[in-house]
Q: 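Handing you this structure, nothing more for now.
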Amino acid sequence: MEITVEQMYNIENKGHDMGFLKKFMMENAGAAAVRRLVEKFGNVESKNILIFVGMGNNGGDGLVMARHLAGYGAKVTVMLLGTPENIKTEESNWNWSILEKMPSVKLMTGGSTDFNFNPDIIVDGILGTGISGEIREPYASAINYINQTNCYKLAVDVPSGLDPQTGETANIYTKCDMTVTFHKMKQGIPKRKDLTGELFAEKIGIPPEAEEGIL
Ligand SMILES: NC(=O)C1=CN([C@@H]2O[C@H](COP(=O)(O)OP(=O)(O)OC[C@H]3O[C@@H](n4cnc5c(N)ncnc54)[C@H](OP(=O)(O)O)[C@@H]3O)[C@@H](O)[C@H]2O)[C@H](O)CC1
Ligand SMILES: [K+]
């Protein structure tokens, strides 16, 4: 069953109010995406993985992935597309502060795309269901970098720039090899399999009762 983005936000909020906090959903989301990646590659040890992180919860999922991938022995670089003070949500902040205590993950901020290594894998955690309007900087440059770089690309929830409700694209958008969306498929995402690549909808622990009165 495909759901709307509004229904997803309502289910998420109801689950949170039931006590299944958004930070737990985020943890399960990031872990589920990493499992798909590990399943794809067999082993991510020593792979150079570059994770682009936006300032909302799509980015937060990317931060969770960074921690899990470090645990698998990957060489992880995180590029936060802004400054840590401007991270928008409590859940993302919480995950950022854990990474600050992990020298095994290289943290970069601001959005420069002048990297001195070639990534094997890029994770697009730039924009998810919170997208609105044309893509602004520094997100636009990150999206351009992703599209110009020849490696495997995984989209967190939805390729950035694709509207998960309508299936329409903004001025720029990523084209990925795999997309892992969460809880249930959103209506717009499968309309653009050319951008999502392989598509998975992963459960993230939200109680089914959180759907009552919404679906
Ligand atoms: N579905 C679930 O149960 C869960 C989903 N999770 C993940 O959370 C994101 C949604 O997170 P949210 O914080 O609501 O939104 P985003 O991260 O997608 O984006 C918000 C930020 O992006 C900025 N923005 C919006 N549009 C643009 C644009 N065109 N150009 C540049 N920047 C943009 C926006 O900035 P504002 O200034 O407009 O406020 C925000 O900073 C969902 O996709 C999942 O990945 C959770 O992990 C929990 C479980
Ligand atoms: K994304």
Side-chain angles (χ1 to χ4, degrees), residues 2-18 20-34 51-65 80-83 85-95 111 122-144 146-147 153-165 168-186 188-189 192 195-197 199-208 210-211 214-215:
E2 292 173 9
I3 64 173
T4 68
V5 167
E6 189 187 359
Q7 285 168 331
M8 186 65 248
Y9 274 113
N10 289 339
I11 292 165
E12 189 184 339
N13 286 330
K14 195 164 164 207
H16 183 85
D17 291 342
M18 288 169 71
F20 186 65
L21 305 180
K22 285 183 193 173
K23 65 166 73 154
F24 302 140
M25 300 178 202
M26 183 175 279
E27 183 64 30
N28 287 338
V34 166
I51 306 184
F52 283 99
V53 168
M55 304 305 278
N57 275 355
N58 193 253
D61 297 346
L63 297 175
V64 171
M65 289 185 71
L80 180 73
L81 298 173
T83 56
E85 309 82 71
N86 290 324
I87 292 176
K88 303 238 175 196
T89 71
E90 189 199 326
E91 304 77 60
S92 283
N93 255 312
W94 191 65
N95 280 299
I122 290 178
V123 173
D124 162 13
I126 301 175
L127 279 167
T129 49
I131 185 174
S132 67
E134 301 295 86
I135 308 299
R136 302 184 292 276
E137 289 296 351
Y139 293 14
S141 294
I143 290 174
N144 280 328
I146 292 173
N147 288 337
K153 295 156 195 174
L154 179 141
V156 179
D157 204 19
V158 58
S160 297
L162 174 61
D163 184 323
Q165 180 55 41
E168 283 165 11
T169 46
N171 49 329
I172 37 176
Y173 45 85
T174 59
K175 187 173 181 318
C176 295
D177 300 292
M178 183 194 290
T179 297
V180 183
T181 195
F182 307 117
H183 189 65
K184 285 197 163 127
M185 188 58 64
K186 319 314 168 304
I189 298 176
R192 294 303 304 266
L195 304 184
T196 65
L199 184 54
F200 301 99
E202 293 289 344
K203 293 282 180 254
I204 54 172
I206 298 176
E211 295 179 343
I214 296 167
L215 298 188

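Numbering of ligands and ligand atoms starts at 1, following listing order.
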Q: Mind checking whether I206 has a heavy atom under 4.0 Å from ligand 1?
A: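 Distance cut 4.0 Å: I206 passes for ligand 1.
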Q: Using a strict cut-off of 4.0 Å, indicate which atoms of ligand 1 neighbour a heavy atom of G56.
A: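 Close to G56: 13 (O), 17 (O).
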Q: Identify, for atom 42 (C) of ligand 1, the protein heavy atom at the shortest distance, and state residue, atom and that distance.
A: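 Looking only at protein heavy atoms, the one closest to atom 42 (C) of ligand 1 is D157 OD2, 3.1 Å.
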Q: Is the closest heavy-atom distance from G133 to ligand 1 below 4.0 Å?
A: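 Judged by the 4.0 Å heavy-atom criterion, G133 does count as contacting ligand 1.
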Q: Is any N, O or S atom of G54 under 3.4 Å away from the K ion (ligand 2)?
A: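 No, G54 does not qualify, because none of its backbone or side-chain N, O or S atoms lies under 3.4 Å.
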Q: Looking only at distances, can you tell me whether any N or O atom of N58, backbone or side chain, sits closer than 3.5 Å to an N or O atom of ligand 1?
A: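 It does: an N or O of N58 is found under 3.5 Å from an N or O of ligand 1.
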Q: Non-hydrogen atoms of S132 versus ligand 1: any pair closer than 4.0 Å?
A: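 Judged by the 4.0 Å heavy-atom criterion, S132 does count as contacting ligand 1.
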Q: Is it true that a side-chain atom of N86 and a backbone atom of M55 form a donor plus acceptor pair closer than 3.5 Å?
A: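 No: the side chain of N86 does not pair with the backbone of M55.
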Q: Quick one: does L81's side chain get under 4.5 Å of V53's, heavy atoms only?
A: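 The answer is no; the side chains never approach within 4.5 Å.
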Q: Would you check the N or O atoms of G128, main chain and side chain alike, for any that come under 3.5 Å of an N or O of ligand 1?
A: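 Yes - when backbone and side-chain N and O of G128 are compared with those of ligand 1, one distance drops under 3.5 Å.
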Q: Considering heavy atoms of the protein only, find what lies nearest to atom 31 (C) of ligand 1 and give residue, atom and distance to 0.1 Å.
A: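 For atom 31 (C) of ligand 1, the nearest protein heavy atom is Y139 CD2, 3.4 Å.
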Q: Only one of N13, T89, N57 clears side chain to side chain donor-acceptor pair (under 3.5 Å) with K22; which?
A: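 Considering N13, T89, N57, a side chain to side chain donor-acceptor pair (under 3.5 Å) with K22 is found only for N13.
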Q: Find all atoms of ligand 1 within a distance of less than 4.0 Å from any non-hydrogen atom belonging to I135, and give their numbers and elements.
A: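 Heavy-atom distances to I135 below 4.0 Å select 29 (N), 30 (N).
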Q: May I ask you to list the atoms of ligand 1 that are less than 4.0 angstrom from any heavy atom of D61?
A: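 Ligand 1 atoms under the 4.0 Å threshold to D61: 6 (N), 7 (C), 44 (C), 45 (O), 46 (C), 47 (O).
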Q: Output yes when a side-chain donor or acceptor of N58 lies under 3.5 Å from a complementary backbone atom of V156, and no otherwise.
A: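 Yes, N58 side chain to V156 backbone: donor-acceptor pair under 3.5 Å.
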Q: Under 3.5 Å between some N or O of ligand 1 and some N or O of Y9?
A: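 Yes, Y9 has an N/O under 3.5 Å of an N/O on ligand 1.
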Q: Quick check: does N58 put an N/O/S atom under 3.4 Å from the K ion (ligand 2)?
A: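 It does; at least one qualifying atom falls short of 3.4 Å.
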Q: Within ligand 1, which atoms have a heavy atom of M26 less than 4.0 Å away?
A: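 Per the distance check, 47 (O).
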Q: Starting from atom 13 (O) of ligand 1, find the nearest protein heavy-atom neighbour and note its residue, name and distance.
A: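 Checking every protein heavy atom, the shortest distance to atom 13 (O) of ligand 1 gives N57 N, 2.8 Å.
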Q: Salt bridge check: are K184 and E211 linked by an N-O gap of less than 4.0 Å?
A: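 Result for this pair is yes, salt bridge flagged.
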Q: In this structure, are over 12 heavy atoms from other groups packed under 6.0 Å from E2 atom CD?
A: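 Check passes, neighbour count above 12.
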Q: For atom 15 (O) of ligand 1, state which one of G54, G130, S92 supplies the nearest heavy atom.
A: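 That would be G130.
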Q: Do side-chain atoms of N171 reach the backbone of I135 as a donor and acceptor pair under 3.5 angstrom?
A: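 Side chain of N171 to backbone of I135: a pair is present.
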Q: Judged by atom type as modelled, is there a donor-acceptor pair below 3.5 Å linking the side chain of D124 to the main-chain atoms of A155?
A: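 No.
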Q: Assess whether side chain to side chain donor-acceptor pair (under 3.5 Å) is satisfied between T181 and K186, documenting all intermediate values.
A: CA-CA 8 Å; T181 195; K186 319 314 168 304; 2.9 Å; yes
Q: Suppose I only count heavy atoms of M8 and a 4.0 Å limit; which atoms of ligand 1 are within that range?
A: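 Listed by number with element: 1 (N), 2 (C), 3 (O).
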Q: Considering only the protein, which heavy-atom contact is closest to atom 33 (C) of ligand 1, and what is its distance?
A: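 Its nearest protein heavy-atom neighbour is R136 NH2, 3.4 Å.
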Q: Check for a donor-acceptor pair, side chain of N147 on one end and backbone N or O of Y173 on the other, with a separation under 3.5 Å.
A: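 Judged by distance alone, yes, a pair lies under 3.5 Å.
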Q: Pull out every atom of ligand 1 sitting under 4.0 Å from any heavy atom of M25, numbered as shown with elements.
A: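 Reading through ligand 1 atom by atom, the close ones are 48 (C), 49 (C).
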Q: Say whether, by atom type as modelled, one donor and one acceptor occur between the side chain of D157 and the main chain of G128 under 3.5 angstrom.
A: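 Absent.
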Q: Relative to ligand 1, is I204 under 4.0 angstrom through side chain, backbone, both or neither, heavy atoms considered?
A: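 Only the side chain of I204 comes within reach of ligand 1.
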Q: If we ignore hydrogens and angles and just use 3.5 Å, is the side chain of E27 paired with the main-chain N or O of A31 as donor and acceptor?
A: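 Not confirmed, E27 side chain does not pair with A31 backbone.
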Q: Any heavy-atom pair between the side chains of M25 and L21 that's under 4.5 Å?
A: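 No. Closest side-chain heavy atoms not under 4.5 Å.
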Q: Distance check below 3.4 Å: does V156 bring an N, O or S atom to the K ion (ligand 2)?
A: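 For V156, the answer is yes, given that an N, O or S atom comes within less than 3.4 Å of the K ion (ligand 2).
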Q: Could you work out, for atom 48 (C) of ligand 1, the closest of E27, E12, M55 by heavy-atom distance?
A: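 Considering heavy atoms of E27, E12, M55, the nearest to atom 48 (C) of ligand 1 sits in E12.
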Q: Where is the nearest protein heavy atom to atom 23 (C) of ligand 1: which residue, which atom, and how far?
A: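 Nearest neighbour among protein heavy atoms for atom 23 (C) of ligand 1, to 0.1 Å: L127 CD2, 3.9 Å.
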Q: Quick test: of every protein heavy atom, which one is nearest to atom 40 (C) of ligand 1, and how far off is it to 0.1 Å?
A: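 It is K88 CE, 4.0 Å.
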Q: What are the atoms of ligand 1, with element, lying closer than 4.0 Å to any heavy atom of E134?
A: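 Counting atoms of ligand 1 from 1, those under 4.0 Å from E134 are 28 (C), 29 (N), 30 (N).
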Q: Please note down the angle at the K ion (ligand 2) between O of D124 and O of L127, to the nearest 10°.
A: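 The angle at the K ion (ligand 2) comes to 150°, rounded to the nearest 10°.
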Q: Is there a polar contact between ligand 1 and T89, counting only N or O atoms under 3.5 Å apart?
A: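 In this structure, T89 places no N or O atom under 3.5 Å from an N or O of ligand 1.
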Q: Does H183 reach ligand 1, in the sense of a heavy atom lying below 4.0 Å from it?
A: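 The answer is no, since H183 has no heavy atom less than 4.0 Å from ligand 1.
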Q: How long is the gap from CE on M26 to CZ on F182, to the nearest 0.5 Å?
A: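 Interatomic distance, M26 CE to F182 CZ, rounded to 0.5 Å: 9.5 Å.
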Q: Which atoms of ligand 1 have any heavy atom of I131 under 4.0 Å away?
A: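 In order of number, 25 (C), 26 (N).
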Q: Among all protein heavy atoms in this structure, tell me which lies nearest to atom 10 (C) of ligand 1, with the distance rounded to 0.1 Å.
A: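 Residue, atom and distance for the closest contact: T129 OG1, 3.1 Å.
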Q: Drop me the distance from I214's CD1 to E6's CD, to the nearest 0.5 angstrom.
A: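 Going from the CD1 atom of I214 to the CD atom of E6 covers 9.5 Å.
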Q: S160 vs Y139, test: side chain to side chain donor-acceptor pair (under 3.5 Å). Steps then yes/no.
A: CA-CA 9 Å; S160 297; Y139 293 14; over 6 Å; no
Q: Using modelled atom types and a 3.5 Å cut-off, is there a donor and acceptor pairing between side-chain atoms of K88 and backbone atoms of G56?
A: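 Looks like no, no N/O pair under 3.5 Å.
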